Student: 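Structure incoming, see below.
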Number of protein chains: 2
Amino acid sequence: MPKPTFKNLPEDKRDKIEQAAIAEFTAYSFDQASINRIVDTAEIPKGSFYQYFNDKKDLYKHLLDLIVMKKMDYMSPVMANPMSVDFFILLREIYLSGLRFAVDNPDLQQIGRRLLADRNHPVFVEFMQENLNKSDEIFHVLISKGIERGELRADLDIKFTAHIISSLNTAVADYYQQNIKVEIDEEYMLTVDKFIDFLRNGIGRATDEQEDRKL
Amino acid sequence: MPKPTFKNLPEDKRDKIEQAAIAEFTAYSFDQASINRIVDTAEIPKGSFYQYFNDKKDLYKHLLDLIVMKKMDYMSPVMANPMSVDFFILLREIYLSGLRFAVDNPDLQQIGRRLLADRNHPVFVEFMQENLNKSDEIFHVLISKGIERGELRADLDIKFTAHIISSLNTAVADYYQQNIKVEIDEEYMLTVDKFIDFLRNGIGRATDEQEDRKL
DNA sequence: AGGTCATATGACTGTTAGGTCACATGATTA
DNA sequence: TAATCATGTGACCTAACAGTCATATGACCT
């Protein structure tokens with residue numbers, strides 16, 4: 001946690017420091033990121049930095065907190081009452097918020113991606129212990145509910161499916177960012193719908209009876 | 001490329017250096033990996049190292065070449081005549097070889113994972129330019145063929161599907177390594193089959209007619 | 001023996017890093 | 001005015017790094 005000194009700072013100075021840190025951790029991994037560069041960019045003396053944060057990790061975790069909070073802002077309208085709606089509709093909303101977040105905040109998305117990337121890194125391990133994997137957990141619950149309601153196949157391996165769905169989140173966002181430039185709402189709607197369809201129906205050719213269902 | 005001096009080395013010395021490098025790049029990212037530690041582990045003087053390699057990147061790329069070659073060994077029996085067999089059977093084989101490679105060579109798998117992780121890293125970009133993304137490409141071809149033959153849905157977005165399938169490779173291997181410890185052949189057979197089923201049928205509950213098909 | 005050439009070697013260079021610390025500043029009290 | 005105290009500051013510390021280079025070694029040739 002940042003020291004009280006940081007919290008007491010005038011807002012614009014605090015923002016400048018956070019912005020400099022975001023820029024640095026967007027451009028470099030945790031290890032490669034440099035406090036020297038950050039204090040340069042933020043135009044504060046090095047000594048001051050250590051008045052605000054205990055060390056590099058302290059700053060990094062503060063950023064992660066900011067990211068989690070911002071991502072929650074995107075998610076919360078969706079998750080307000082998750083049980084009131086069909087599994088695939090809810091899933092669609094979850095993915096849509098994820099994509100929207102990624103498009104609106106490519107830098108924060110990139111920092112998150114970097115964290116998720118190296119699962120052996122001590123900082124990743126620490127973060128996961130503190131925030132225990134929410135994503136897998138939520139999907140676990142949703143899938144169970146979905147099966148109970150008959151929206152999903154009853155023979156699914158819940159744990160396995162939860163893991164696949166939750167790790168596909170990144171893949172879809174990556175695909176979108178790499179292949180679709182124009183930032184039109186309908187564009188990512190389309191990407192998400194492709195994905196939901198993929199999840200629901202698989203890619204195997206259906207029998208004629210199945211084809212009927214899609215009409 | 002390593003210098004000729006390296007190629008001329010007695011095999012055991014070369015092995016020792018390669019092993020030391022593998023250990024280092026397994027434990028640390030490219031940036032974090034240290035030549036000093038590598039020469040320590042390999043018990044060669046630092047000067048000697050630079051008789052063998054131009055720089056850190058040179059060594060790293062040499063390792064990547066080793067990894068690619070070894071992975072090809074696992075794949076080649078499968079890819080001998082990819083067109084002679086059903087899409088899902090072939091896919092099953094591809095994933096099985098991938099998983100087998102990951103289980104047999106957790107260290108090499110880890111180095112690969114680290115590379116794939118940070119797609120902005122100059123070394124990743126360079127590697128992809130030189131080895132242009134084979135994985136997506138192969139799946140692109142296979143999916144097209146699969147559609148032509150009527151094994152896959154005709155309305156698939158080929159590019160999108162290729163990306164999803166190719167990035168799920170990592171997810172499945174991760175899941176297996178995290179959740180299944182025992183190294184029995186049948187265990188990873190099971191993981192792969194779950195995944196193939198997931199791809200083929202999706203997770204949506206089928207109509208009664210569809211359920212019949214599965215019997 | 002003398003000469004040549006690939007290779008071996010480790011002290012050294014220049015740079016950067018994260019983090020510390022003695023001291024400076026300036027606002028708020030008494 | 002004097003004392004206190006949170007905060008500001010940058011020179012400085014130790015450690016580590018990638019990469020260099022002058023010199024040493026020793027196998028092979030003539």
Side-chain angles (χ1 to χ4, degrees), chain A residues 1-18 20-64 111 114 118 121-123 126, chain B residues 1-18 20-64 111 114 118 121-123 126:
Chain A
M1 282 203 322
K3 300 182 181 177
T5 336
F6 183 65
K7 207 196 62 185
N8 295 338
L9 241 38
E11 198 184 323
D12 56 335
K13 192 169 184 180
R14 226 172 37 218
D15 280 357
K16 198 170 179 185
I17 294 170
E18 281 169 358
I22 288 174
E24 181 71 10
F25 284 109
T26 302
Y28 302 93
S29 68
F30 176 80
D31 293 314
Q32 202 64 4
S34 152
I35 303 286
N36 288 334
R37 271 194 300 259
I38 293 174
V39 299
D40 258 32
T41 310
E43 292 176 295
I44 56 166
K46 186 130 169 220
S48 295
F49 177 85
Y50 286 94
Q51 299 280 10
Y52 309 143
F53 299 94
N54 294 312
D55 52 20
K56 208 208 295 200
K57 201 169 68 183
D58 191 23
L59 166 64
Y60 184 64
K61 285 190 177 175
H62 174 62
L63 284 195
L64 291 185
I111 295 176
R114 274 232 169 71
D118 187 353
H121 198 292
V123 175
E126 209 174 313
Chain B
M1 282 204 320
K3 299 182 181 178
T5 336
F6 183 64
K7 207 196 61 183
N8 295 340
L9 242 37
E11 198 184 324
D12 57 334
K13 191 168 183 182
R14 226 173 36 218
D15 280 358
K16 199 169 180 187
I17 294 170
E18 281 170 357
I22 288 173
E24 180 72 10
F25 285 108
T26 301
Y28 301 93
S29 67
F30 176 79
D31 293 314
Q32 202 64 2
S34 152
I35 302 286
N36 288 333
R37 272 194 301 257
I38 292 174
V39 299
D40 256 31
T41 310
E43 293 177 293
I44 56 166
K46 185 127 170 224
S48 295
F49 177 86
Y50 285 94
Q51 299 279 11
Y52 309 144
F53 299 95
N54 292 312
D55 52 20
K56 210 210 287 202
K57 200 169 70 184
D58 191 23
L59 166 64
Y60 184 64
K61 284 191 178 174
H62 174 63
L63 284 196
L64 291 185
I111 295 175
R114 275 232 169 72
D118 187 354
H121 198 291
V123 175
E126 209 174 314

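All chains are named by letter (A, B, ...) in the order of the sequence lines, taking the proteins before the strands, and each is independently numbered beginning at 1. From a predicted model like this one, the values you see are computed outputs, not experimental measurements.
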Student: Is the backbone of B:Val123 close enough, under 3.5 Å, to the side chain of B:Lys61 for a donor and an acceptor to pair up by distance?
Tutor: no
Student: Between C:dT13 atom C1' and B:Tyr50 atom OH, what is the distance in whole Å?
Tutor: 13 Å
Student: Just call it for B:Lys3: base, sugar-phosphate, or nothing, with non-hydrogen atoms closer than 4.0 Å on any strand.
Tutor: nothing
Student: Tell me whether the OP1 or OP2 atom of C:dA17 has a side-chain N or O from A:Arg37 closer than 4.0 Å.
Tutor: yes
Student: Is the phosphate of C:dA17, meaning OP1 or OP2, less than 4.0 Å from a side-chain N or O of A:Ser34?
Tutor: yes
Student: Could you check how far CD of A:Glu43 sits from C1' of D:dG10, rounded to whole Å?
Tutor: 16 Å
Student: Taking only side-chain N and O atoms of B:Tyr52, does any of them lie within less than 4.0 angstrom of OP1 or OP2 on C:dA8?
Tutor: yes
Student: For D:dC17, take OP1 and OP2 only and decide whether either is under 4.0 Å from a side-chain N or O of B:Asn36.
Tutor: yes
Student: For B:Ile17 and C:dT9, give me the distance from atom CD1 to atom C1', rounded to whole Å.
Tutor: 14 Å
Student: Answer yes or no: does atom NZ of A:Lys3 have more than 12 heavy-atom neighbours from other residues, nucleotides or ligands under 6.0 Å?
Tutor: yes
Student: Given 3.5 Å as the limit, does a donor-acceptor pair link the side chain of B:Glu24 with the main chain of B:Ile35, or not?
Tutor: no
Student: Is the shortest side-chain N/O distance from B:Asn8 to OP1 or OP2 of C:dA6 below 4.0 Å?
Tutor: no
Student: Rounding to an integer number of Å, can you tell me how far A:Ile38 CD1 sits from C:dA17 P?
Tutor: 11 Å
Student: Is there a side-chain polar atom (N or O) of A:Lys13 under 4.0 Å from OP1 or OP2 of D:dG8?
Tutor: yes
Student: When you match B:Pro4 and A:Phe49 each to their closest nucleotide on DNA chain C, which lands nearer the 5' end?
Tutor: B:Pro4
Student: Should the pair B:Phe30 and B:Phe25 be assigned to parallel (<30°), tilted (30 to 60°) or perpendicular (>60°) ring geometry?
Tutor: parallel
Student: Would you mind reading off the distance between B:Gln51 atom CD and D:dT23 atom P, rounded to a whole angstrom?
Tutor: 16 Å
Student: Please determine, for the side chain of A:Lys56, which listed nucleotide (D:dG19, D:dT7, C:dG18) has the closest atom?
Tutor: C:dG18
Student: Sub-3.5 Å donor-acceptor pair from the side chain of B:Lys13 to the main-chain atoms of B:Ile44, do we have one?
Tutor: no
Student: Would you indicate what B:Ser48 reaches in the nucleic acid, counting non-hydrogen atoms under 4.0 angstrom: base, sugar-phosphate, or nothing?
Tutor: base
Student: Does the side chain of A:Lys46 get closer than 4.0 angstrom to OP1 or OP2 of D:dG10 through an N or O atom?
Tutor: no
Student: Check every atom of D:dG8, D:dG19, C:dG10 against the side chain of B:Pro45 and return the nucleotide holding the closest atom.
Tutor: C:dG10
Student: Nearest whole Å is fine: how far is C:dT7 C1' from B:Leu9 CG?
Tutor: 10 Å
Student: Atom NZ of A:Lys7 and atom P of D:dT7: how far apart are they, to the nearest Å?
Tutor: 10 Å
Student: What is the distance from CZ of A:Arg14 to P of D:dG8, rounded to the nearest Å?
Tutor: 13 Å
